[in-house]
Amino acid sequence: MEKTKKILTNILLVFALLSIGVAVGKHLAKPEQQASLVPNASGHQVAVYYLHSTFRCETCNTIESMTRELLETSYGDELAAGKVLWIEEDFQKNEALAKRFEVVASCVVVVEMKEGVIADYTRLDDVWIWMSEPRAFNLYIGEAIDAYLERIKDPS
């Protein structure tokens, strides 16, 4: 019994250390990506923000991955043309953005940008509910993106 307890303790310790290493590695890799994801200063775009806390759980990473995959598969042309922007941001480090979008937990925010300024936004808190149902998740986010894309086509 004591041997089993020691083995389980060691396994949990290794898991904890690996998790910390992955989190630190992922955090250190982000600044290079951020520079290329800053919204353009001119034009009319739809920005899709994934706002997360400094420490991210597996669920948070899954929501980010699912959102990014939706953008790449369903909005690839719009991403390439700069009509849709993908922005991943730590809301605990960017307090002004968190306050602007009233963010207290990880979420997706779809934003209408005019000349680099936030014109309107929709915070999608229910990504947590829909993440276990990929089709519903994609529909939920896609409807918000499509609504703003329609507005930038016809900004009247």
Side-chain angles (χ1 to χ4, degrees), residues 16 18-156:
L18 286 173
S19 296
I20 291 168
V22 168
V24 168
K26 189 170 184 179
H27 178 71
L28 292 175
K30 292 298 178 189
E32 296 169 14
Q33 295 175 350
Q34 283 299 88
S36 65
L37 300 174
V38 176
N40 295 334
S42 63
H44 204 170
Q45 299 102 355
V46 176
V48 179
Y49 283 83
Y50 174 64
L51 300 171
H52 60 81
S53 62
T54 302
F55 177 78
R56 296 195 274 177
C57 64
E58 183 178 337
T59 303
C60 295
N61 291 329
T62 300
I63 290 170
E64 176 184 3
S65 175
M66 289 174 71
T67 304
R68 187 181 299 218
E69 184 178 332
L70 169 67
L71 291 175
E72 291 170 355
T73 58
S74 298
Y75 299 94
D77 292 342
E78 291 85 351
L79 281 168
K83 290 180 184 176
V84 172
L85 306 169
W86 167 252
I87 304 165
E88 174 266 325
E89 185 74 44
D90 183 336
F91 71 84
Q92 290 179 314
K93 290 182 179 176
N94 189 336
E95 292 179 20
L97 193 63
K99 188 174 184 177
R100 172 72 167 104
F101 295 141
E102 302 174 45
V103 173
V104 295
S106 298
C107 64
V108 174
V109 181
V110 180
V111 180
E112 178 184 6
M113 303 288 292
K114 290 183 182 177
E115 303 301 323
V117 176
I118 298 168
D120 194 14
Y121 71 91
T122 302
R123 193 181 65 228
L124 303 174
D125 296 326
D126 289 347
V127 291
W128 290 86
I129 295 169
W130 297 117
M131 68 159 289
S132 62
E133 298 179 41
R135 292 173 77 186
F137 180 93
N138 289 345
L139 183 63
Y140 177 58
I141 294 175
E143 285 177 348
I145 294 170
D146 291 343
Y148 284 116
L149 281 173
E150 194 61 36
R151 285 170 72 168
I152 70 171
K153 278 187 201 172
D154 182 24
S156 53

Q) Is a side-chain N or O of Arg123 found less than 3.5 angstrom from the main chain of Cys107, in a donor-acceptor match? A) no
Margin query: If only side-chain N and O atoms count, and only distance matters, is there a donor-acceptor pair under 3.5 Å linking Glu112 with His44?
Written below: yes
Closest non-hydrogen contact found for Arg56 with Tyr50 is NH1-CE2, 3.6 Å
Problem set entry | Short N-O contact, Lys99 and Glu95, less than 4.0 angstrom | no
Heavy-atom closest pair (Ser53 atom, Ser106 atom, distance to 0.1 Å) is N-OG, 3.5 Å
Between Thr54 and Gln92, the two heavy atoms sitting closest are N-OE1, 2.7 Å
When rounded to the nearest 0.5 Å, the distance separating CD1 of Ile141 from OG1 of Thr122 is 12.0 Å
(message) Over 60° means perpendicular and under 30° means parallel, so tell me whether Trp130 and Tyr140 are parallel, tilted or perpendicular.
(response) tilted
Of Ile63, Asp90, Asn61, the one forming a side chain to side chain contact (heavy atoms under 4.5 Å, CB included) with His52 is Asp90
Here the gap from Leu124 atom CG to Ile129 atom CD1, rounded to the nearest 0.5 Å, amounts to 11.5 Å
- For Glu69, does the CD atom sit with more than 12 other heavy atoms under 6.0 Å from it, leaving out its own atoms? no
d(Leu97 CG, Glu89 CD) to nearest 0.5 Å is 6.0 Å
To the nearest 0.5 Å, atom OG1 of Thr67 lies from atom CH2 of Trp86 at 5.0 Å
